Amino acid sequence: MSTSKEKKMRSLKGAKRASNAVIYTLLVILSIVWIVPFILIVMESFRSESTWQVGYVVPKYAAFDNYNNMLFDNYRKSFVKSARAIDADIMGNAVDAIAAKLEKGEITDADKEKYEAVVLLAHSVIVDEVSKKTDTGYRNRATVLRVVELYNKLAKKPLNLTESDAKAEYLWPVVTQNELVEAERFEKGEIKEDEYKPVEHINVTAEEFYENALSQYCDKTLDSLLYDETANVLTSVYTELKNNGADEAKLSNINALYVQLKASMPGVYYSATCKPAAYILMDPESGLINDNQRAAIAELFATAGLLGTYEKDYVTAVEGIDVNTVFEAYSKFASKVSEGGVSRKEYAQYVGFMSLVYNKMKEEKAKGVVNEYTSDATMQAAFDLYKKVSKLEVEPREINYTKAVAAFNVMMNPEMALISSEKQAAITDSFQKAGLLDAGIFKLTVKEWFDRFKVSAFPKWYGNTLLLGVMQAIIQTFMVLCMSYTLSRTRFKGRKFLMNFMLILGMFPGFITLIVLKKVLSGWNMIGPNAVWGLIIIYTASSAMGYYVCKGFFDTIPKSLDEAARVDGATRAQVFIKMTLPMAKPIIIYTLLTAFMSPWGDFMLAKYISNNTSAGMNVAVGIQNLISTPSGLSEHYTEFTATGVMVAIPVTILFMCLQKYYVEGVTGGAVKG
Amino acid sequence: MKRLTTSEYYKLNVFLKILYKILLFFVGVGNTFKNIGVGFWQGLKAFGRGVAKEFKEFGQILVKGSWMTKMSLLIMGFGNFARKQFVRGTLFLSFQVVYIWYMINSGIRWISKLDNLGDNEPQFVEDPEFGVIVRVNGDDSFKILLYGGLTIMLCLLFIFLWRMNFRHSYDNDKLILAGKKVPSFKDDIHDLVDKKFHITLLTVPILGITVFTVFPIIFMICVAFTNMDGAHDGYSGLFTWVGNSNFKELFTTTAGGLGYAFTHILGWTVVWAILATFTNYFLGMLLAIMINKKGIKFKKFWRSIFVMTIAIPQFISLLYMNKLFAKNGLIKSILVNMGLLTPGFDFWANTTASRILVVAINIWVGVPYLMLIATGILMNIPEDLYESAKIDGANPIQQYFKITLPYMLFITGPYLLTSFIGNMNNFNVIYLLTAGSEPNKLLSTSGGSATDVDLLVTWLFNITMGAESNYKLAAVISILIFLVVSIFSLIGFNAMQSNKNEEDFQ
């Protein structure tokens, strides 16, 4: 007997454990399903690639760009725009310089990352040019492939196509997106049979496929979703052409295209590409581009208003270099020239320097200083020298940024040996203190940083929604408390009628009242930019109709308490304020919380009342508006996810803190509602 | 129909039991409608009696009232002034002055134009001085309807206050006859925080509801009988009364007709509401049961994970979901990469796929709410019910169907009803998930187009926001939505009632 009972007990326990295990598994699976979209949102919000059409989850280039764009906007975007506008030839030069450096082994592993940014930028710039069908200088497909090859050498995990990768079977039918679209339309019956011309890709040779893929890739007509498949076909192409004895150059080109497609080399983004690339390009020591090119880039950025006070400071600093040092350098330079130590080719480098010297002399003279450098003869000689190096017949104008950079470079170049190394060190020191040398141009103080950010519309939307939430929480709670207390605690003629009437009113779709209300509110100037105030009125005016949950709570407070207080001489108002309200704390918090949260999700009313005016939108409408067009979607998709995170964080924290009250309210509401 | 006693009911076999319940339900529905009819008739009778009584009392006041009361009929607040109730008197009198001033200035004009909502179309004439075309404003039908309506409301308010005024005066007469003191202003204030506290509390909420809900609804009901749309919105062109021709349009049941679209969309709306409500309900309950099962650890942790979905604003999760499944979206491209879908497939363009998706995503959004509610209720189920069931040898599944489910259904009946109605009008889920999808050609009407997943309320939104701004149709559809919703509410209410009688737990 006892053993069988024990057995039964044991089997029961076993069954219980088994069923618990099943429940745990289910819970884990469900939790994953519920939580994964949020993890995805968070991950995407850190993605630099703004397009939404990516086939991967983990961001390849993580950055805070999206958050910054939503909060400050503009600066980064125009930076990226300016970077992309750099001349393709300059980028080509830089790429060549990097390739040469790499060959010489001058790039350490640690530096590779920095140079990678330049290569990425060059890639985008050149592909942009190639897709415009221009073919001069570096603007051709061969360069694109060369750039990709270099990228592969610099990348941390080199990706190489080997024969072993080759897919056994041919996947020819992946050629153009157009064909896919056509085929799809044919399947759907949108085009008739005689109109449908399936392209005979079966007959495409390996060579043709490669050419096709390359041109589509460079012309940007290849859908990013087809990259992977095309790359897979390239493995077969590679094998076939290798077996046919194709030359190394071609094979390496195929490899480059493969790398490109497999790596889905991203475009240019502020923090991942543009900033580091600009740093290293503009760094004179990197030697990637020459001074003229550097000046051209600086001008490009300056025109876009991205340099701010830096260039002014730089000019001031150069002008502030000690006069005697400058004159000392001048005399050395003059003697060098008279000795023939400077070739004609090198003259151009000294234009800025001579211009500085001459300007300095004029300045000193104007101050009334009399010495050997302010004498007419010296000044004439300096002017002649300036004319010689600049091949200009006019007096030098004031020092500008370009000239200042040139002059600085000349004086600081140890090979030119115009000033002593101690003096050079002193100048370097003072420049460094002024923050002008530290990879330079892009270093800004915090204040300058914020000065140039134009604030995006998002903070306005956020503020609107916050204001809505707070106002609604206060007014709605007041309304609901008044209504529910009255209906629960007092008995008066028409009470039942009032309750039924509100029930019936609630059955009309609320949206319909808006047509009238919008007109009325527009008369009060409360739509469009002032939509917030109109929305507050609409949200709260009738909010007393949602009294059910609160009334249910008041019903549970014993009436005898009220009566006892009334017998003691308290008025109804005193009972309400001093007795009932303190007891109703949970339900007040619940009402506040739900009222505060509702504008964050409201879409329909807010869209209608805001009337497509950005200043009057709440977050939901603003964001939906931002990504509702295809172009907006591809530009702002990741920013949308960043917004999601920014909106969700405070609401979630608030919610988690007050969850207890929320649960009480919801449960009570469901039971009594 | 003869009602069975409990013992008779239990003697029936399962099939008959169900049949009996169904019969009971329909009889209940019939009774409900009958009750409404009866109630309406009784209400009408009561109203008639009230009016008769009112006139009788008015006659009494005319005969028995003091001269001050009689003067109050002409000059509001006269009786109060005479009894030194200055604050009351001033309020009454100033209202009368404002009212008369308003009516003479504009009120009468608005009301007189209500019959055909304005005659003068706006005109575009050449300005004789500058030789350019200028607009000469005519009548504005919208304003006429709006201000005409408001004026009528003001008149009703005036009658109400006028009656209150001479009644007050008459009450004072009676108090003086009885030798009592006439209430001072201080007494009035005290009344407002004590005996008449409900008036103090209700004034603001009811004012808000009247102005911002009741009046707009009356206005839109009126619009349903006009030809108002984008081109005739009052300012651009006049609109006028057209009788019930908008409603007649509903009977065009061929494809492209309003009736066709309405029935189709209504069908899906009801299916959606049923699916959305019950999937959420049962899955939420299941989840709650799983989390709250004895022996499961980290209850709070599990709950928090699911509750997070509530905290994150819906528009984010819904828009994100839309993009995940969109053409070229993440999930879509992953599925394509896995070879499960053709690149050309589009979830949101495919009727079946998009319908399944909206229901599935709605589960994802809604189950946590139900989980919370069910958790609260499950904890309230008396433990001894389960104990005794266990002793009787009931297995967990039997326990669920005999105890948990009936208890939940009983308790959450009202919630189920409201959430059903809420789902019928669930704008956010449908709009944010499917906005921008290709509309179904069969459902494009004179008013606006709709997709296969559109609910009545999103359809309404499209009609109003669409190029034509077909307000008259929007108004008609709103009235229909109201009818549908109220019918479902009645049926649901009735079902709850029958449930309560049969399986009363308390």
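We name chains A, B, ... by the order of the sequence lines, and we start the count at 1 in each one. Quick caveat: nothing in here was measured; it's all calculated off a predicted structure.
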Taking the side chain as C-beta and beyond, is there a heavy-atom pair between Ile475(A) and Tyr539(A) under 4.5 Å? no
Checking an interface table here. Which of residues 21-31 of chain A come within a heavy-atom distance under 4.5 Å of chain B? Ile23(A), Tyr24(A), Leu26(A), Leu27(A), Val28(A), Leu30(A), Ser31(A)
Do Asn611(A) and Lys518(A) have side chains that get closer than 4.5 Å, going by heavy atoms? yes
Contact origin within Phe298(B) toward chain A - heavy atom pairs under 4.5 Å: neither
So is Lys519(A) actually on top of Phe142(B)'s ring, under 6.0 Å and inside 45° of the axis? yes
In terms of heavy-atom proximity below 4.5 Å to chain B, should Ser19(A) be classed as side chain, backbone, both, or neither? side chain
If you count heavy-atom pairs under 4.5 Å between each of Ile537(A), Leu487(A), Leu481(A) and chain B, which one has the most? Ile537(A)
Under 4.5 Å, counting heavy-atom pairs only, tell me which of Thr490(A), Thr643(A), Ile515(A), Leu505(A) racks up the most with chain B. Ile515(A)
Of the backbone (N, CA, C, O) and the side chain (C-beta and beyond), which part of Leu432(B) lies under 4.5 Å from a heavy atom of chain A, both, or neither? side chain
Given that the side chain runs from C-beta out, which part of Phe603(A) has a heavy atom under 4.5 Å from chain B: side chain, backbone, both or neither? both
Under a 4.5 Å heavy-atom cut-off, does chain A meet the side chain of Lys143(B), its backbone, both or neither? neither
Heavy-atom side-chain proximity of Thr213(B) to Phe508(A) below 4.5 angstrom: no
Between Met502(A), Gln574(A), Gln624(A), who has the most heavy-atom pairs with chain B when the cutoff is under 4.5 Å? Gln624(A)
Among Val484(B), Val485(B), Ile487(B), the one residue meeting side-chain contact (heavy atoms from CB on, under 4.5 Å) with Met507(A): Val485(B)
Who among Ser628(A), Ser598(A), Ser542(A), Ala570(A) has the most heavy-atom pairs with chain B under 4.5 Å? Ser542(A)
Taking side chain as everything from C-beta outward and backbone as N, CA, C, O, which of these in Arg489(A) sits under 4.5 Å from a heavy atom of chain B? Side chain, backbone, both or neither. neither
Closest-packed option against chain B by number of heavy-atom pairs under 4.5 Å, given Gly601(A), Gly506(A), Ala544(A), Pro37(A): Pro37(A)
Let me know if Ile221(B) has heavy atoms under 4.5 Å from chain A in its side chain, its backbone, both or neither. side chain
I need the residue from Val651(A), Val647(A), Ile35(A), Ile41(A) with the largest number of non-hydrogen atom pairs under 4.5 Å to chain B. Ile41(A)
Do you know the tightest heavy-atom contact between Ile477(B) and Trp459(B)? CD1-CZ3, 3.4 Å
Exercise: identify the closest heavy-atom pair between Tyr471(B) and Val223(B): O-CG1, 4.0 Å
Top contributor to chain A interface from Phe461(B), Phe212(B), Tyr320(B), Trp302(B) [non-hydrogen pairs under 4.5 Å]: Tyr320(B)
Output yes when a side-chain donor or acceptor of Asn292(B) lies under 3.5 Å from a complementary backbone atom of Leu378(B), and no otherwise. no
Closest non-hydrogen atom pair between Asn428(B) and Leu318(B), with its separation: O-CD1, 3.7 Å
Working to the nearest 0.5 Å, report the span between CD1 of Ile296(B) and CD1 of Ile289(B). 12.5 Å
Please work out whether the ring planes of Tyr431(B) and Phe427(B) are parallel, tilted or perpendicular, with thresholds of 30° and 60°. parallel
Aromatic plane relationship, Phe306(B) with Trp34(A) - under 30° parallel, 30 to 60° tilted, over 60° perpendicular: perpendicular
Quick one: do Arg572(A) and Arg566(A) satisfy side chain to side chain contact (heavy atoms under 4.5 Å, CB included)? Show the steps, please. CA-CA 7 Å; Arg572(A) 273 194 186 283; Arg566(A) 297 261 288 144; 3.9 Å; yes
Can you tell which part of Met479(A) gets under 4.5 Å to a heavy atom of chain B, answering side chain, backbone, both or neither? both
By a 4.5 Å heavy-atom criterion (distance strictly below it), what part of Ser489(B) contacts chain A: side chain, backbone, both, or neither? side chain
Proximal component of Met424(B), with respect to chain A [non-hydrogen, under 4.5 Å]: neither
Side chain, backbone, both or neither: which part of Ala374(B) has a non-hydrogen atom closer than 4.5 Å to chain A? neither
Below 4.5 Å from any heavy atom of chain A, which atoms of Ser486(B) appear? Answer side chain, backbone, both or neither. both
Can you find a heavy atom in the side chain of Lys323(B) that is under 4.5 Å from one in the side chain of Thr641(A)? no
Per-residue contact mode, Leu517(A) against chain B (heavy atom under 4.5 angstrom): side chain
Less than 4.5 Å to any heavy atom of chain B: does that hold for the side chain of Ser543(A), its backbone, both, or neither? neither
Please flag which part of Ile504(A) lies under 4.5 Å from any non-hydrogen atom of chain B: side chain, backbone, both or neither. both
Show your working on ring pair (Phe, Tyr, Trp, His ring centres under 6.0 Å) between Phe197(B) and Phe492(A) and close with a plain yes or no. CA-CA 10 Å; Phe197(B) 190 44; Phe492(A) 53 91; over 10 Å; no
For Ile538(A) and Thr513(A): C-alpha separation, side-chain torsions, deciding distance, then whether side chain to side chain contact (heavy atoms under 4.5 Å, CB included) applies. CA-CA 10 Å; Ile538(A) 293 181; Thr513(A) 59; over 6 Å; no
Walk me through whether Tyr547(A) and Thr486(A) qualify under side chain to side chain contact (heavy atoms under 4.5 Å, CB included). CA-CA 10 Å; Tyr547(A) 65 88; Thr486(A) 319; over 6 Å; no
Locate the shortest heavy-atom distance separating Val42(A) from Ser45(A); write the atom from each residue and the value. O-OG, 2.6 Å
Using heavy-atom distances under 4.5 Å, tell me whether Phe38(A) contacts chain B through its side chain, its backbone, both, or neither. side chain
Part of Thr652(A) within contact of chain B (heavy atom distance under 4.5 Å): both
Looking only at Leu456(B), Leu146(B), Leu202(B), Leu372(B), the option with the highest number of non-hydrogen pairs under 4.5 Å against chain A is Leu202(B)
Using non-hydrogen atoms only, which part of Pro313(B) is less than 4.5 Å away from chain A: side chain, backbone, both, or neither? side chain
May I ask you to test the Ile481(B)-Asn425(B) pair for a side-chain heavy-atom distance under 4.5 Å? yes
Contacting moiety of Val520(A), where chain B heavy atoms sit under 4.5 Å: side chain
Sub-4.5 Å side-chain heavy-atom contact between Thr464(B) and Leu514(A): no
Given a strict heavy-atom distance threshold of 4.5 Å, which part of Leu460(B) is in contact with chain A: side chain, backbone, both, or neither? both
